[in-house]
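A short worksheet on the structure shown next.
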Amino acid sequence: MRNRAGEIVRTGSSETPVDRQRTLFTVAVRDYPDSEEGFAEGIDDQLAVVREWWSPFRHSPAPELHSRHDVEQFLERENLRETTGEALMLFITGHGMAGKSSHFLQLPQTDEVRKLATAIRTSDIVTAALDSHAENVLVIVNTCYAGEIQSELAALYKEIRRSRRTKCKLDVLVTCEHDSPVQVLRFSTVLRGVWNRLRTNAGITTPHLSVATLMTEFENELRTDAAKDKHRLHRIIDGSGQTRTTPCIPNPGYRFVRELVGPSRRQVATPADDYWLDRATGRPHEVDSGWYFRGRKHLNQQVTAFLQPSRLRGAMLVTGTAGSGKSAVLARAVTLSDPFFRESPTYKTALEQADAGTIPPEGSVTCAVLARHRMAADVAADILHGLHVTPASPGTGEDPVAAWSAQLEEHLQHAEGTVTLVVDGLDEALEPHRIIDDLLVPLAPLCSTPVGAVPGQRRGEAQPAGLRLLIGVRSSRPITPGTLTLPAEEEHSLLDALRRAFPTAVIERTDNPSAQEDLVEYLHALICADGEHRDTALDAAQVVAPLVWPSFLDARLAGDQLRTAADPAAAVAEPQWQRTLQAGTTGLLRRDLRLVAEEGLPPRVALALLRASAYALGAGVPWSIIWPTIANTFLDQPMEDPDKMIEKLLKSRLNGYLAHDHEDQRRVYRPAHERLATTLRDRDVDLLQEQAQA
């Protein structure tokens, strides 16, 4: 039984185990009489790294171990075999001995000719943890000839009850082969390097790691092929597989992020929150908690009116040129309609400052998905997940898009109340026309169907659920401002296809001449963000707005530069600034590349890193070893200290050119806008032009 202090209270010859949620056991032998110089210090260094990494765990260290009796007494006293809880981590280090059929942990009082009596079988310690009551177990053995334990442990592992072997994650790693000695300082040096990598550039977003990830990062830290062959980790018991994370390995780089948007508007996974939030706030950097979205009153009123309860059905297309703020308008509606967000004290100001006629009703957006770099099947699955519907498994040879489109249509026909779907970035999808033809067109009748028109519906039955579609798509500016007359090349555009599919859709453009006034408001808010420049910010904004119109992207980049200027109005009056603004995104990027040299980041290195992010597939490029590898292809020679260069990039003014996301449990980076990505991929544009002139 247990007393109030949580300690074990013996009752006769038995005792009740302490309920340890997460426990680290360390068994380290250091005081050998004939050990080489520095051996004891090396063991201490190993323990220091392990303790630091597993600091969230309750630590049960073995005392000084001299004999087999000391080890057995430790196992008994700490009740290792009866340990319970979510996670058990066991680290064993010291001299190892390979016998004819067993591997032994050598102790200072071990007689090499009497191993069975004076040493202890390493498998006895390992199996004490594996056959405990802990739900998840990880054992790391760092001794000479540790690989020798594999065959012995494989036989003993079968003795563990099947239910435990199948339900629990039981893993064993060793640091060297059966015929290799261990270098006492090597493990601690590499493990500390891995720990630092995971805290910084690995970018893994899960609170725990998989054993496979630990092994991969360990091998990456070894760097050379020779070192990898000699010192990589070996997995001799695999109980968690390649992809499953285990609570036995905490992720030192994990950062808890409070969800600001509820599940139904989160596009299945949390990365979407960053996307919507960046655009809804107009913030230039992810660490900026300001809310700079200004103007766009008419557009926001139209979107809000579309989302009112009285509007049961319909389609609205928000369109405009690249960078003109389509995503910001949609993101604002999605974000402000979300109940979780409206409860956040951090962004309470956003609601207080907004005009009442521009705030959508709470919960008026059912599901919001981003089509950027997605296939039609991905978008269909995302929508189903957002509606809390599990996509059905397609039959053999069946097209997933057709199957999931039919499933979506069936779900919407029987949904209660009005469902509102938001699809943004349609023009950046990998299969935009297929998304329209195979996914959106079948939903068109639900946006406008009168009572009785749905197949199978009888007269007098309740009207089917309504569907509202709010779609963001890029298009060219009309030849005549204020009209929908499009250039000839727009005839077969995505906007044209959507207009045919939804002939009664409301169309709102983000690049009308009136957007100049909105740009002035946005720029003014950005330049005054730090409470400075209130006397000159408006003058600067009025100069910049017509030069960058209709690009809110260029306005954001220019505003971020001007907020650090001594006198923004005087700065934009300079001929050099005028040329920079007239060159648009390219000119602003050139200027920032020149200025970043003052922050210790070579412009050519910065450009190589930005270009690498623009060429990345999927959601972006992970840091780790991948980002530097891609960036090196744009340099004449490999960059020196790539991790330091990337760290400087992310802390520099160029951070505003990047957006971050999550993919495959990694934090990834990409250009903040597709227009910027296109500029970076264009090798004919000399983005270092000003460097040559300077």
Side-chain angles (χ1 to χ4, degrees), residues 260-262 264-265 273 275-283 288-312 314-320 323-368 418 420-424 468-473 482 505-526 528-529 541 545 549-553 555-556 559:
L260 293 179
V261 179
S264 60
R265 283 158 289 274
D273 291 342
Y275 175 86
W276 295 114
L277 193 58
D278 284 344
R279 282 146 183 78
T281 63
R283 62 187 184 180
D288 193 332
S289 61
W291 186 280
Y292 307 114
F293 192 105
R294 297 291 190 277
R296 298 296 174 117
K297 185 174 181 178
H298 170 75
L299 271 174
N300 293 328
Q301 285 177 335
Q302 294 300 104
V303 173
T304 299
F306 179 76
L307 296 176
Q308 292 300 316
S310 57
R311 183 69 176 262
L312 300 179
M316 174 178 280
L317 310 178
V318 178
T319 189
S324 60
K326 302 176 295 297
S327 293
V329 172
L330 296 182
R332 181 184 184 277
V334 170
T335 309
L336 292 183
S337 71
D338 189 271
F340 282 14
F341 181 86
R342 292 162 80 111
E343 295 173 1
S344 171
T346 304
Y347 295 101
K348 184 179 180 182
T349 304
L351 285 169
E352 294 175 345
Q353 290 182 350
D355 184 281
T358 67
I359 302 177
E362 183 172 337
S364 55
V365 173
T366 313
C367 171
T418 297
T420 302
L421 303 181
V422 177
V423 180
D424 190 25
R468 297 183 300 206
L469 285 175
L470 183 55
I471 302 171
V473 62
V506 177
I507 300 177
E508 294 291 340
R509 297 199 66 90
T510 56
D511 51 9
N512 289 324
S514 60
Q516 286 193 32
E517 298 177 8
D518 300 323
L519 284 168
V520 170
E521 289 191 56
Y522 175 42
L523 281 160
H524 183 260
L526 268 179
C528 293
W549 176 83
S551 175
F552 275 77
L553 169 63
R556 178 169 69 84

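Owing to the predicted nature of the structure, the values given are computational and were not obtained by experimental measurement.
Between Ala545 and Val520 the shortest heavy-atom distance is CB-CG2, 3.5 Å. Looking at every heavy atom in both residues, Ser364 comes nearest to Pro361 through OG-O, 2.7 Å. Residue Ala555 comes nearest to Leu519 through the heavy atom pair CB-CD2, 3.6 Å, listed as atom of the first residue, atom of the second, then distance. When all heavy atoms of Arg296 and Ala515 are compared, the pair lying nearest together is NH2-CB, 4.2 Å. In this structure, Pro339 and Glu362 approach most closely via the heavy-atom pair CB-OE2, 3.3 Å.
Checked against Met316 for a side chain to side chain contact (heavy atoms under 4.5 Å, CB included), the options Leu470, Leu469, Val422 give a single hit: Leu470.
Rounding to the nearest 0.5 angstrom, the gap separating the CZ atom in Arg468 from the CZ atom in Arg311 is 8.5 Å. With values rounded to the nearest 0.5 angstrom, Ser327 atom OG is found 11.0 Å from Leu553 atom CG. Going from atom CG of Asp355 over to atom CG of Asn300 covers 9.0 Å, rounded to the nearest 0.5 Å. With rounding to the nearest 0.5 Å, the separation of NZ in Lys297 from OG1 in Thr358 is 8.0 Å. The CD1 atom of Ile359 sits 11.5 Å away from atom OG of Ser337, with the distance rounded to the nearest 0.5 Å. The CZ atom of Phe552 sits 10.5 Å away from atom CG of Asp511, with the distance rounded to the nearest 0.5 Å.
Judged as a side-chain contact (heavy atoms from CB on, under 4.5 Å), and not counting sequence neighbours, the contacts of Thr319 are Val473, Ser475, Leu495, Ile507, Arg509. In this view, Glu517 satisfies the side-chain contact (heavy atoms from CB on, under 4.5 Å) rule with no residue, not counting sequence neighbours. Every residue two or more places apart in sequence or in another chain was checked for a side-chain hydrogen bond (donor to acceptor under 3.5 Å, both in side chains) with Thr304, and none qualifies.
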>> As a quick check of understanding, evaluate side chain to side chain contact (heavy atoms under 4.5 Å, CB included) for Arg332 and Val303, giving each step before the final call.
In response: CA-CA 10 Å; Arg332 181 184 184 277; Val303 173; over 6 Å; no
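One N or O on the side chain of Trp549 and one on the backbone of Asn512 form a donor-acceptor pair closer than 3.5 Å.
Put simply, the side chain of Leu307 reaches to within 4.5 Å of the side chain of Val365, judged on heavy atoms.
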